[in-house]
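Report on the structure given below.
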Amino acid sequence: MSIPADLKYTPSHEWVRVEADGTLTVGITHHAQDLLGDMVFVENPAQGRVLNKGEECAVVESVKAASDVYAPVAGEVVAANGEVEASPESVNKDAYAAWLFKMKPANPADVGTLLDAAAYQKLVESEAH
Amino acid sequence: MSTQAALKTTPLNATHRELGAKMVDFGGWDMPVNYGSQIEEHHAVRTGCGLFDVSHMLPLDIRGANARGFLRRLVANNVDKLQVSGKALYSCMLNEAGGVIDDLIIYFMDESWFRLVVNAGTADKDLAWMEKMNADWGTGLALTPRRDLAMIAIQGPDATRVLNEALPGVDQITSVLKPFNAAAMGEMFIARTGYTGEDGFEAMVLAKSAPFFWRALMEAGGKPIGLGARDTLRLEAGMNLYGQDMDETTSPLESGLAWTVDLKTERDFVGRRALEASEVTKQLAGLVLLDKGVLRGHQKVHTRNGDGEITSGTFSPTMQQSIALARIPLGVAPGDEVEVEIRDKKLKAKVVKYPFVRNGKVLI
């Protein structure tokens with residue numbers, strides 16, 4: 001599956017979409033869900049929670065293992081996706097549609113520190129070796 | 001870039017790769033964890049027929065006069081329960097301290113031939129231990145590891161039909177083979193045993209025949225199942241996993257395995273004195289998570305009688321909730337509520353009598 005060119009990425013396999021209003025939508029990548037396998041539990045951060053960059057803020061669990069999701073940049077959680085908590089398997093079906101939470105970055109310029117699709121592709125390929 | 005030593009492979013390695021399996025390092029073996037969805041594989045075994053490559057486990061033949069006498073001393077269960085050719089016995093092999101070196105299955109074929117099947121990760125250590133006992137006791141038996149064999153488990157309510165169709169003529173055996181019994185025909189060995197809680201077989205064939213046999217089983221409707229589903233199936237079936245639910249530091253009497261330790265007869269076996277001198281304070285119990293989340297190994301369990309620990313935990317695809325085995329203090333009983341520490345939370349779980357699932361039915 002191709003890595004969407006319009007998204008940003010983290011080395012810990014989160015994807016980030018910069019919305020028109022400057023908020024960030026965050027999920028885990030197709031590669032991450034593929035490594036984890038069948039998803040059975042998702043726990044999102046509470047709305048209003050203030051996150052540091054790299055802070056553990058959500059958990060996705062497959063039958064096989066639990067995995068932390070990290071804040072891609074510093075900011076405040078403005079929405080959490082209850083639908084994906086109710087249907088964790090939606091992450092397996094389409095990882096780029098099944099967003100986990102939305103956040104307002106503390107500093108919009110921080111988005112520039114994230115990986116673009118080409119850099120993330122390289123990272124995934126290097127991990128395959 | 002990998003710098004580790006080459007992984008060991010089973011005779012079906014190329015077959016798994018052709019089938020698109022996700023391969024993982026499983027205790028030094030290159031094994032399929034799934035071929036797609038682990039949950040779909042799980043359901044396929046509960047409702048139809050699944051095929052497992054379990055060739056990483058080691059069949060081991062013990063041959064010679066008084067093989068029975070050797071096994072009487074070697075293992076905690078009593079091989080004298082085996083009187084009919086082909087009958088199988090599940091047992092622990094203990095060290096002098098009463099800890100579990102391994103759990104294994106012993107098939108009695110005749111007085112000069114017993115076949116054991118031991119775990120992959122413990123095979124070398126088991127063999128060394130048995131050779132030492134064989135020397136110390138002067139029993140002079142031939143212990144032969146059978147790496148020339150492949151082992152395929154055929155499991156599920158449809159297992160008999162699939163095996164019969166894949167192997168013309170085998171119905172003469174499957175129609176009369178009772179659970180926990182085996183039959184040998186030349187180098188083919190078929191046992192009605194398994195690790196899923198379903199009816200089914202474990203078939204040993206010569207390694208070179210394994211890929212053809214596997215394809216024939218698939219053509220008859222068997223679905224390839226990875227080690228991921230093997231773990232959720234065995235946990236639902238309430239079967240222990242060596243290295244998680246018990247090991248050399250734990251007593252079988254605190255691992256839900258008292259039923260496999262024969263203390264009724266006078267028989268002297270390795271570990272007996274230590275077990276008899278020990279005080280049993282813990283038990284292996286089943287847990288069902290009442291809150292949302294997933295129970296995992298090593299999570300702490302708080303009970304009214306003190307703390308315990310989860311030994312194996314997962315999400316049960318059949319029950320659609322999380323289940324676990326946990327070593328907890330004696331006196332905590334089925335129906336009691338306990339708390340499990342998961343990350344920064346304490347979640348409610350209920351103590352239950354396991355197995356959780358048998359023959360496709362939820363028992364909780």
Got B/E40 and A/D38 here, is their nearest side-chain heavy-atom distance under 4.5 Å?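 No - every pair of side-chain heavy atoms lies 4.5 Å or more apart.
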Can you name the nearest heavy-atom pair linking A/E85 to B/K292, along with the distance?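 So the two residues come closest at O-NZ, 3.4 Å.
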State, to 0.1 Å, how close B/R343 and A/A66 come at their nearest heavy-atom pair, and which atoms those are.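 Taking B/R343 first and A/A66 second, the nearest heavy atoms are NH1-CB, 4.1 Å.
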Against chain B, label [X] side chain, backbone, both or neither, depending on which of its atoms sit under 4.5 Å from a heavy atom there.
X	value
A/D34	both
A/E56	neither
A/V59	side chain

Should we say atom [atom1] of [X] is surrounded by more than 12 heavy atoms from elsewhere, each under 6.0 Å from it?
X	atom1	value
A/E83	CD	no
B/F26	CZ	no
A/K53	NZ	yes
B/K223	NZ	no

Once rounded to the nearest 0.5 Å, what's the spacing between atom NZ of B/K22 and atom NZ of A/K64?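 B/K22 atom NZ to A/K64 atom NZ measures 6.0 Å (nearest 0.5 Å).
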Distance in Å, A/E61 CD paired with B/I342 CD1, rounded so as to fall on 0.5 Å steps: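 Here the interatomic distance stands at 7.0 Å.
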Enumerate donor-acceptor pairs with a distance under 3.5 Å from any side-chain N or O in residues 227-236 of chain B to protein atoms, sequence neighbours excluded.
unit_1, atom_1, unit_2, atom_2, d
B/D231, OD1, B/R234, NE, 2.9
B/D231, OD1, B/R234, NH2, 3.2
B/T232, OG1, B/H42, ND1, 2.8
B/T232, OG1, B/A229, O, 3.1
B/R234, NH1, B/M239, O, 2.8
B/R234, NH1, B/D245, OD2, 2.9
B/R234, NH2, B/S312, OG, 2.8
B/E236, OE1, B/H42, NE2, 2.9
B/E236, OE1, B/R46, NE, 2.9
B/E236, OE1, B/R46, NH2, 2.9
B/E236, OE1, B/T318, OG1, 2.8
B/E236, OE2, B/H42, NE2, 3.1
B/E236, OE2, B/S316, OG, 2.6
B/E236, OE2, B/T318, N, 2.9
B/E236, OE2, B/T318, OG1, 3.0

